[in-house]
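Residue numbering restarts at 1 for every chain, and letters A, B, ... go by the order of the sequence lines. Atom set for the values below is all heavy atoms of this structure, side chains included, hydrogens, waters and symmetry mates excluded.
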Amino acid sequence: MQNPHVDLETEKWHISSLWGPMMGSTFRGRHAHFADDYFLKLSCCWFPGNFLFLKVEPCFFASFCSPPRIKDEPDDDGFYASPKEDSKPLKRPREDDDLLVLTHLFKGGGNTVACSNKFLLILQDSKAKKVKSKDKKVPEADKRKKPKKEEEQKWKWWEEERYPEGIKWKFLEHKGPVFAPPYEPLPENVKFYYDGKVMKLSTKAEEVATFFAKMLDHEYTTKEIFRKNFFKDWRKEMTSEEKSTITNLSKCDFTHMSQYFKAQSEARKQMSKEEKQKIKEENERLLKEYGYCVMDNHKERIANFKIEPPGLFRGRGNHPKMGMLKRRIMPEDIIINCSKDSKIPAPPPGHKWKEVRHDNKVTWLVSWTENIQGSIKYIMLNPSSRIKGEKDWQKYETARRLKKCVDKIRNQYREDWKSKEMKVRQRAVALYFIDKLALRAGNEKEEGETADTVGCCSLRVEHIKLHPELDGQEYVVEFDFLGKDSIRYYNKVPVEKRVFKNLQLFMENKQPEDDLFDRLNTSILNKHLQDLMEGLTAKVFRTYNASITLQQQLKELTNPDDNIPAKILSYNRANRAVAILCNHQRAPPKTFEKSMMNLQSKVPPPAQLRGSRAPSAASQETVESKKKAVQRIEEQLMKLEVQATDREENKQIALGTSKLNYLDPRISVAWCKKWGIPIEKIYNKTQREKFAWAIDMAEEDYEF
DNA sequence: GCCAATACTTAGGAAAATTTAG
DNA sequence: CTAAATTTTCCTAAGTATTGGC
């Protein structure tokens with residue numbers, strides 16, 4: 001189908017016999033009954049440029065989904081099959097070259113703009129826009145109902161066949177990134193002082209100075225490294241006169257600038273409703289125009305379509321580069337990735353892209369090189385997109401394959417503790433830590449380029465202490481190190497004697513700053529894991545242990561007799577067990593104590609409960625209503641107590657990270673179905689979008 | 001085997017939005 | 001209504017893992 005102009009004549013009989021149901025009830029559904037054994041899938045979506053497409057695609061009813069493909073993943077492995085289909089599941093073909101796609105205007109015989117082989121038959125007509133704008137106005141009156149239509153139109157990519165290994169898409173079109181707004185010079189009356197005297201800065205120097213001024217309240221602007229890095233980079237932006245005048249950061253007075261920004265942000269808060277509305281609308285317009293792309297016939301949300309604005313770099317923890325200037329990204333820095341046959345995004349007037357490439361082996365739309373670490377940054381799709389969702393699903397399938405062989409692997413590494421080879425022993429002990437404690441792999445990092453943090457393979461002697469006996473336990477290892485994001489990992493763990501002895505051996509004749517596993521790195525470890533199971537890497541253990549823990553904990557903690565809030569507390573506790581395992585911490589909220597007090601004060605005093613109990617003399621009706629009142633209050637009390645407990649236990653623990661990245665969502669979905677918990681109690685809107693695949697496919701008997 | 005480059009996932013905190021309390 | 005509390009979203013840093021060239 002190379003010819004982009006599709007002759008519709010031959011298809012006419014399809015259309016005419018379809019038209020009635022299509023415009024009628026079946027328009028709202030996904031499948032139109034066309035003949036006894038034949039269905040047409042209808043779907044509709046908006047494209048940039050404001051066209052509504054209605055897509056018509058033949059399909060067999062029983063053709064449901066395929067599991068995510070992992071190289072040679074056995075087919076018997078935990079995929080979801082349609083309940084209607086027990087024998088070999090037919091895979092619904094990917095929407096592809098020979099699709100027939102029509103706008104709803106076809107009937108009217110609009111202006112035909114047939115499109116490329118893989119794409120669409122577009123019928124462009126002013127009516128399309130009319131319908132669109134009408135649609136847009138409706139929500140004003142009917143905002144609450146709006147989601148219904150959208151929900152029904154959601155594309156179930158998980159019911160479709162996957163692409164061959166390595167190919168990420170066939171068609172990709174987008175509008176390019178949104179750049180940071182240009183610098184707006186300060187008003188004349190906002191002054192910068194050097195050595196007590198007013199000094200007018202050049203625009204470039206002033207811009208960088210504002211970055212510092214905006215951070216003045218932060219503790220890190222007092223740090224030696226921050227100030228040194230900042231000052232060095234700031235001077236690069238100065239004119240030669242400025243450079244010769246401004247030689248000492250301590251003589252710089254940014255306070256006036258800082259006050260100005262505070263006033264600005266205060267003013268922003270005080271803005272009228274209309275002004276706020278205007279800003280909101282502008283953001284929505286931006287999102288609508290740049291926030292989506294078309295990837296393989298579907299409009300998909302982009303995660304980060306805005307280019308990171310310039311500013312001062314502040315890494316996490318004790319970062320050697322804190323305070324450095326993160327430079328402004330220009331179109332000339334940008335590499336665009338899209339299809340050859342797509343409309344290539346235009347660079348801003350007077351500018352050029354660094355490069356436009358057409359690489360469908362990668363998922364990113366835009367990339368640039370950042371100047372602090374020299375690393376590449378990408379614009380990619382939202383977690384709700386097919387390309388991210390498929391990968392996520394696959395991740396959990398890999399973890400489930402590990403479940404099947406984890407016992408074997410555990411036996412293996414226990415054997416390896418006795419190996420003659422030092423390398424093998426180190427590998428086995430490291431793997432034991434990764435498995436038991438859910439430690440991260442621990443790649444090597446370039447010294448002096450980043451904060452000093454470690455993972456398993458990069459642990460140093462100074463990070464552990466060995467206690468032959470501690471608090472009545474034998475062979476205790478005390479871990480104390482900074483992990484990812486400089487979050488402290490502190491744990492005292494009793495280990496098996498062999499592990500303990502091995503650790504003693506590894507530490508012999510070493511300095512505190514020497515590597516604990518000097519014969520090991522992540523690449524050696526992962527190569528070994530690859531031999532044990534296809535697709536196995538160190539991080540799969542984290543996923544596996546997190547998910548299996550959630551499943552076990554849910555089984556253990558859920559009390560069938562509990563009401564919904566109590567069951568949710570159990571869920572959160574199971575989630576919490578995982579977060580603790582993965583060491584997902586957070587700074588306790590600033591208002592924690594106070595909000596805890598507030599909660600306590602809301603608990604109705606016991607007197608209220610007792611007082612509600614009616615004396616026996618009361619009429620039957622009164623007794624009943626009083627009883628109900630008591631019940632209501634008790635329920636309320638219970639809810640508050642549960643809430644208080646939950647919050648207290650959660651003080652320093654972040655549940656979000658594990659929920660989003662480590663827990664197979666099908667476990668949660670199944671649990672909700674089993675106990676009649678609405679999914680909204682567990683997942684918010686974003687999370688439901690990300691996990692749409694799991695919500696759609698998992699039944700209550702799902703086993704991880 | 002080693003290194004640099006690349007691509008992609010995971011992470012906590014800040015800011016914005018929404019909800020609740022007063 | 002306003003303000004405070006809480007939740008959600010945004011932001012982008014910081015990890016993991018693979019690959020390809022030597």
Side-chain angles (χ1 to χ4, degrees), chain A residues 166 168 180 215 218 265 268-270 276 279-280 283 287 303-309 311 313-317 319 321-322 326 335 337 359 361-364 367 369-370 372-383 387-388 391-392 394-395 434 439-446 449-451 453-458 482-487 521-527 529-530 535-543 546 579 582-587 589-592 594-599 601-602 643 647 652-662 683-687 689:
Chain A
K168 303 298 171 63
M215 293 176 151
H218 277 110
S265 79
R268 226 169 301 132
K269 274 186 223 153
Q270 301 301 322
K276 280 184 182 166
I279 291 173
K280 205 176 154 191
N283 285 338
L287 174 70
N304 55 326
F305 58 92
K306 289 179 183 158
I307 298 276
E308 298 170 17
F313 177 81
R314 170 71 177 97
R316 314 261 168 87
H319 198 117
K321 300 197 169 182
M322 65 170 86
K326 204 170 102 164
I335 302 174
N337 192 34
D359 183 357
K361 308 280 192 297
V362 297
T363 66
W364 53 268
S367 76
T369 301
E370 151 272 349
I372 303 290
Q373 317 276 355
S375 66
I376 307 169
K377 300 260 183 163
Y378 302 94
I379 291 183
M380 292 184 189
L381 297 194
N382 201 57
I387 211 157
K388 293 290 182 187
K391 199 78 187 298
D392 206 36
Q394 180 182 314
K395 173 180 78 187
I434 284 169
L439 300 189
R440 296 187 184 83
N443 286 321
E444 300 101 296
K445 320 195 327 177
E446 216 162 331
E449 295 292 301
T450 60
T453 62
V454 297
C456 186
C457 293
S458 50
L482 297 182
K484 183 178 180 179
D485 293 323
S486 294
I487 297 289
N521 61 37
T522 53
S523 122
I524 295 170
L525 178 64
N526 281 335
K527 268 196 196 94
L529 293 175
Q530 196 59 229
L536 187 61
T537 62
K539 88 183 185 78
V540 178
F541 282 88
R542 250 168 102 81
T543 312
C582 295
N583 198 40
H584 291 141
Q585 297 190 25
R586 63 165 182 175
K590 282 189 186 73
T591 56
F592 185 85
K594 206 175 95 195
S595 96
M596 215 56 210
M597 301 274 276
N598 286 345
L599 207 57
S601 69
K602 281 198 298 191
Q643 208 185 343
R647 195 178 303 186
Q652 299 192 58
I653 298 162
L655 300 186
T657 305
S658 50
K659 201 187 242 185
L660 228 51
N661 300 301
Y662 288 103
Y683 291 139
N684 69 28
K685 185 167 137 282
T686 320
Q687 295 169 155
E689 279 166 10

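- Nearest heavy-atom pair, A/Gln530 versus A/Gly535, reported as atom, atom and distance to 0.1 Å: OE1-N, 2.9 Å.
- Side chains of A/Thr522 and A/Asn443: a donor-acceptor N/O pair is present below 3.5 angstrom, by distance only.
- The side chain of A/Arg440 contributes an N or O atom lying less than 4.0 Å from OP1 or OP2 of B/dA11.
- The NE2 atom of A/His319 sits 16 Å away from the P atom of C/dT12 (whole-angstrom rounding).
- Contacts of A/Gly442 with the nucleic acid, taken as non-hydrogen atoms under 4.0 Å apart, involve only primed sugar atoms and P, OP1 or OP2.
- If you measure from atom CG of A/Leu439 to atom C1' of C/dT16, you get 14 Å, rounded to the nearest angstrom.
- Shown here for A/Lys321 and A/Phe313, the closest heavy-atom pair between the two residues is O-CD2, 3.5 Å.
- Per the geometry, NZ belonging to A/Lys168 stands 9 Å off P belonging to B/dA7, to the nearest Å.
- For A/Lys484, no side-chain nitrogen or oxygen approaches OP1 or OP2 of C/dT16 to under 4.0 Å.
- Of the side-chain N and O atoms in A/Lys377, one or more sit less than 4.0 angstrom from OP1 or OP2 of C/dA13.
- Protein atom CD1 of A/Ile379 is 15 Å distant from nucleotide atom C1' of B/dA7, rounded to whole Å.
- Within the 4.0 angstrom heavy-atom criterion, no nucleotide atom of any strand lies near A/Gly656.
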Restricting to nitrogen or oxygen on both sides, can you table the protein-nucleotides 13-16 of chain B pairs closer than 3.5 Å?
| unit_1 | atom_1 | unit_2 | atom_2 | d |
| --- | --- | --- | --- | --- |
| B/dG13 | OP2 | A/Ala587 | N | 3.4 |

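- Where A/Tyr378 and A/Glu444 meet DNA chain B, the nucleotide closest to each residue was compared, and A/Glu444 sits on the side nearer the 5' end.
- Taking atom NZ on A/Lys280 and atom C1' on C/dT8, their separation rounds to 14 Å, with Å as the unit.
- Each of A/Lys685 and A/Val540 was matched to the nucleotide of DNA chain C holding its nearest heavy atom; the match closer to the 5' end belongs to A/Lys685.
- Nearest heavy-atom pair across A/Asp359 and A/Asn337 is N-OD1, 2.8 Å.
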Which is it for A/Cys457 and A/Leu525 under the side chain to side chain contact (heavy atoms under 4.5 Å, CB included) test, yes or no, and what are the steps along the way? CA-CA 9 Å; A/Cys457 293; A/Leu525 178 64; 3.9 Å; yes
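- Close to B/dT9, at under 4.0 Å from its OP1 or OP2, lies no side-chain N or O of A/Tyr662.
- A/Pro383 comes within 4.0 angstrom of nothing in the nucleic acid, heavy atoms only.
- Across all strands, A/Thr453 comes closer than 4.0 Å only to sugar-phosphate atoms, never to a base (heavy-atom distances).
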Under 3.5 Å between N/O atoms: give me all the protein pairs with nucleotides 18-22 of chain C, atom names plus distance.
none

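- Remark: A/Lys388 engages no residue in a salt bridge (Lys or Arg N to Asp or Glu O under 4.0 Å) (not counting sequence neighbours).
- The 5' end of DNA chain B is approached more closely, in terms of each residue's nearest nucleotide, by A/Met380 than by the other of A/Met380 and A/Cys582.
- Within the 4.0 angstrom heavy-atom criterion, only backbone atoms of the sugar-phosphate kind lie near A/Thr363; the bases stay farther away.
- No side-chain heavy atom of A/Thr363 sits less than 4.5 Å from a side-chain heavy atom of A/Tyr378.
- With rounding to the nearest 0.5 Å, the separation of CD in A/Gln652 from NE2 in A/His584 is 15.5 Å.
- The shortest side-chain heavy-atom distance between A/Thr450 and A/Gln373 falls under the 4.5 Å cut-off.
- Using a 4.0 Å heavy-atom criterion, one finds that A/Lys326 contacts the sugar-phosphate atoms exclusively.
- At a threshold of 4.0 angstrom between heavy atoms, the contacts of A/Ala441 are confined to the sugar-phosphate backbone, with no base atom among them.
- Nearest nucleotide to the A/Lys306 side chain, out of C/dT8, C/dC11, B/dT9: C/dC11.
- In this entry the distance linking CG of A/Leu655 with C1' of C/dT7 reads 13 Å, nearest Å.
- Between A/Gln394 atom CD and C/dA17 atom P there is a gap of 14 Å when expressed in whole angstrom units.
- The distance between atom CG of A/Asn304 and atom P of B/dT10, rounded to the nearest whole Å, is 16 Å.
- Interface remark: the A/Lys539 side chain does not form any donor-acceptor pair with the B/dT10 base, using a distance-only criterion of under 3.5 Å.
- Closest of all the heavy-atom pairs between A/Arg316 and A/Ala451 is O-CB, 3.7 Å.
- Residue-to-nucleotide proximity on DNA chain C shows that, of A/Gln687 and A/Lys445, the 5′-proximal contact is made by A/Gln687.
- The two residues A/Ala579 and A/Ile653 come nearest to each other via the heavy atoms CB-CG2, 3.4 Å.
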